[in-house]
Colleague: 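Below is one structure. I have some questions about it.
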Amino acid sequence: SFEVVLQKSGVTLTVEEDQTIIGAMEAAGLEPMTSCEQGVCGTCLTTVLEGEPDHRDFYLNPTEKESGTLILPCVSRCKGKKLVLDL
Ligand code: FES
């Protein structure tokens with residue numbers, strides 16, 4: 001599991017191995033912007049403030065992935081223990 005801090009909401013979530021970031025948000029009663037849930041459409045595109053994303057999407061180009069500043073939280077995860085998102 002890893003931790004996700006939603007900076008604007010002031011909420012910290014634990015994302016279990018069998019959960020997505022979006023799934024953990026919904027389980028906590030939040031209503032994230034989401035559509036395809038497959039990392040394709042870009043609806044859930046979010047700015048990463050801290051931490052290293054583990055990109056699993058088909059939306060960002062390689063340069064964007066390398067920058068580490070954007071994430072598609074419907075599929076992507078965290079390489080470390082904690083991500084801080086601009087949500
Ligand atoms: Fe479509 Fe995340 S909901 S990319």
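We use all heavy atoms of the structure for the numbers below, so side chains are in, but hydrogens, waters and symmetry mates are not. Order of listing sets the numbers, starting from 1, for every ligand and every atom in it.
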Colleague: Return yes if some donor-acceptor pair links the side-chain N/O of E50 with the main-chain N/O of L83 below 3.5 Å, else return no.
Modeller: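 No: the side chain of E50 does not pair with the backbone of L83.
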Colleague: What number of protein N, O or S atoms occur at distances under 2.8 Å from atom 2 (Fe) of ligand 1?
Modeller: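 For atom 2 (Fe) of ligand 1, the figure is 2.
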Colleague: Are the side chains of D54 and E52 in touch, meaning some heavy atoms are under 4.5 Å apart?
Modeller: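 A side-chain contact is absent here, since even the closest heavy-atom pair is not under 4.5 Å.
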Colleague: Could I get the full list of side-chain contact (heavy atoms from CB on, under 4.5 Å) partners for T46, not counting sequence neighbours?
Modeller: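 side-chain contact (heavy atoms from CB on, under 4.5 Å) list for T46, sorted by chain: I71, P73, L85, L87.
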Colleague: Return yes if some donor-acceptor pair links the side-chain N/O of T47 with the main-chain N/O of L70 below 3.5 Å, else return no.
Modeller: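 Checked: no pair found.
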Colleague: Counting only pairs under 3.5 Å, give me each side-chain donor-acceptor contact of residues 58-65, with atom names and distances, residues two or more places apart or in other chains.
Modeller:
{"unit_1": "N61", "atom_1": "OD1", "unit_2": "T63", "atom_2": "N", "d": "3.0"}
{"unit_1": "N61", "atom_1": "OD1", "unit_2": "E64", "atom_2": "N", "d": "2.8"}
{"unit_1": "E64", "atom_1": "OE1", "unit_2": "N61", "atom_2": "N", "d": "2.8"}
{"unit_1": "K65", "atom_1": "NZ", "unit_2": "D57", "atom_2": "O", "d": "2.9"}

Colleague: Taking side-chain hydrogen bond (donor to acceptor under 3.5 Å, both in side chains) as the definition, give me every residue that meets it alongside S9, ordered by chain and number, with sequence neighbours left out.
Modeller: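 side-chain hydrogen bond (donor to acceptor under 3.5 Å, both in side chains) list for S9, sorted by chain: empty.
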